[in-house]
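Heads up: the structure comes next, in structure tokens.
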Amino acid sequence: MKLIWVEGANMFKAPTAEVADCCAAVESLTLPCGVYLTLVNDEHMRQINKIHRGIDESTDVLSFPTVNYPQGVTASGAAELIKQEYSDDEKVYILGEIFISYEHVRSQAELYRHSTSRELCFLLAHGIYHCFGYDHEQPNTQTRMRNMEEKALELAGIPRDEMPLCEPTDEELVALAKEAMYKSYSPYSRFKVGACVLSEGGRVFTGTNIENASYGLTICAERSAIFKAVGEGVKDFKAIAITAENAPPWPCGACRQVLNEFAPDIRVLIAWGKDQTDEAKLSALLPHGFGPNDLP
Ligand code: THU
């Protein structure tokens with residue numbers, strides 16, 4: 001089955017194409033079919049949920065089947081309906097459109113203590129089975145749907161054991177920094193900054209700049225993120241992504257000094273504008289820095 005990515009294809013390393021194929025195999029679907037897939041942030045998801053379901057909340061996955069196949073897409077009667085959904089551009093029958101919140105992918109992976117890859121694949125399988133016409137409104141339909149999802153994931157080689165969280169890609173770190181940036185409290189400078197620091201153990205901590213009417217009390221996004229992590233007992237870092245809206249947000253001198261305290265060799269990724277990025281090692285941004293080892 002064709003997985004047609006609309007946005008977010010490179011955000012997670014996950015065998016999504018295989019999962020789509022395995023969902024179709026479990027359903028014994030042989031027609032050339034496809035679904036659209038878009039990864040969105042929680043705010044976007046909240047808007048979609050509000051418009052289409054009247055629920056003013058974000059959620060993990062939403063599916064919009066093009067046609068309702070109450071007994072599944074391969075049941076009798078469905079074959080005629082599906083014929084009307086052929087896309088000349090994609091050369092497949094379109095079964096529907098799936099939206100997944102990438103913020104939920106990470107937070108639910110942490111909650112269930114498995115990889116972001118497993119979580120994304122699970123949500124995708126769930127979305128695909130909705131597009132096939134299945135639901136989980138009754139206990140028996142719920143069990144049927146869960147069993148099919150589990151079968152498809154197993155077939156794709158994604159068992160249900162505990163797996164370490166997947167390392168976020170640079171693209172995901174930047175996306176998380178951007179989410180934090182939208183929470184910026186910067187009424188004085190109107191310069192929003194977001195940061196997302198990645199620990200050696202693969203955990204992420206975000207921060208944003210928080211200003212104050214007494215200007216000097218302002219805290220930068222990078223230090224917000226680092227202090228959050230250190231306050232949670234995490235002190236080893238390997239990368240930090242920093243985002244701003246329209247200007248390259250290289251960290252200020254104070255933040256370089258704070259980064260140097262914990263991770264003199266950290267990778268600093270910056271992103272701004274629509275998709276501009278740059279990257280440097282902290283050692284290049286703060287040569288001859290003064291750190292813990294320089295104290296007698
Ligand atoms: N800012 C950061 O958050 N990080 C930096 O490295 C540079 C500056 C914030 C602080 C303030 O809220 C605004 O940007 C303008 O200086």
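All ligand and atom numbering here is 1-based and tracks the order in the structure.
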- Relative to each other, are the rings of Phe99 and His44 parallel, tilted or perpendicular (30° and 60° limits)?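 Tilted, since the angle between the ring planes falls between 30° and 60°.
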- Task: Could you check whether the rings of Tyr185 and Tyr188 sit parallel, tilted or perpendicular, using 30° and 60° as the cut-offs?
- Result: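 Perpendicular.
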Look only at interatomic distance and state if [X] has a nitrogen or oxygen under 3.5 Å from any nitrogen or oxygen of ligand 1.
X	result
Asn209	yes
Thr218	no
Cys252	yes
Ala221	yes

- Task: Identify, by atom number and element, the atoms of ligand 1 in contact range of Glu222, meaning under 4.0 Å from any of its heavy atoms.
- Result: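 In order of numbering, the contacting atoms are 2 (C), 3 (O), 4 (N), 5 (C), 6 (O).
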- Query: Can you list the ligand 1 atoms lying under 4.0 Å from a non-hydrogen atom of Cys220?
  - Reply: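 Those qualifying, in numeric order: 1 (N), 2 (C), 3 (O), 4 (N), 5 (C), 8 (C).
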- Item | Protein non-hydrogen atom below 4.0 angstrom of atom 3 (O) of ligand 1 present |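 Within 4.0 Å: yes, protein heavy atom nearby.
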- Protein contact to atom 11 (C) of ligand 1 [nearest heavy atom, distance to 0.1 Å]: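 Ranked first by proximity to atom 11 (C) of ligand 1 is Glu211 OE2, 3.2 Å.
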- Among all protein heavy atoms, pick out the one at the shortest distance from atom 14 (O) of ligand 1; state its residue, atom name and that distance to 0.1 Å.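 The protein heavy atom lying closest is Phe191 CD2, 3.4 Å.
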- Heavy atom of Pro251, distance to ligand 1 below 4.0 Å: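 The answer is yes, since Pro251 has a heavy atom less than 4.0 Å from ligand 1.
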- Indicate whether the side chain of His104 and that of Asp42 have a donor and an acceptor atom separated by less than 3.5 Å.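 The criterion, which ignores hydrogens and geometry beyond distance, is satisfied for Asp42 and His104.
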- Please step through salt bridge (charged side-chain N to carboxylate O under 4.0 Å, His left out) for the pair Asp265 and Lys238, ending with a clear verdict. CA-CA 7 Å; Asp265 211 29; Lys238 50 183 165 187; over 6 Å; no
- Message: Checking Glu172 against Lys13 for the salt bridge (charged side-chain N to carboxylate O under 4.0 Å, His left out) test, could you report, in this order, the C-alpha distance in whole Å, the side-chain angles of both residues, the deciding distance, and whether it holds?
- Response: CA-CA 10 Å; Glu172 191 192 353; Lys13 288 195 183 78; over 6 Å; no
- Item | Whether over 12 other heavy atoms sit under 6.0 Å from Glu7 CD |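 Result for CD/Glu7: open.
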- Query: For Pro251 and Val268, which heavy atoms make the closest approach, and how far apart are they?
  - Reply: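 What the structure gives for the nearest pair is CD-CG1, 4.0 Å.
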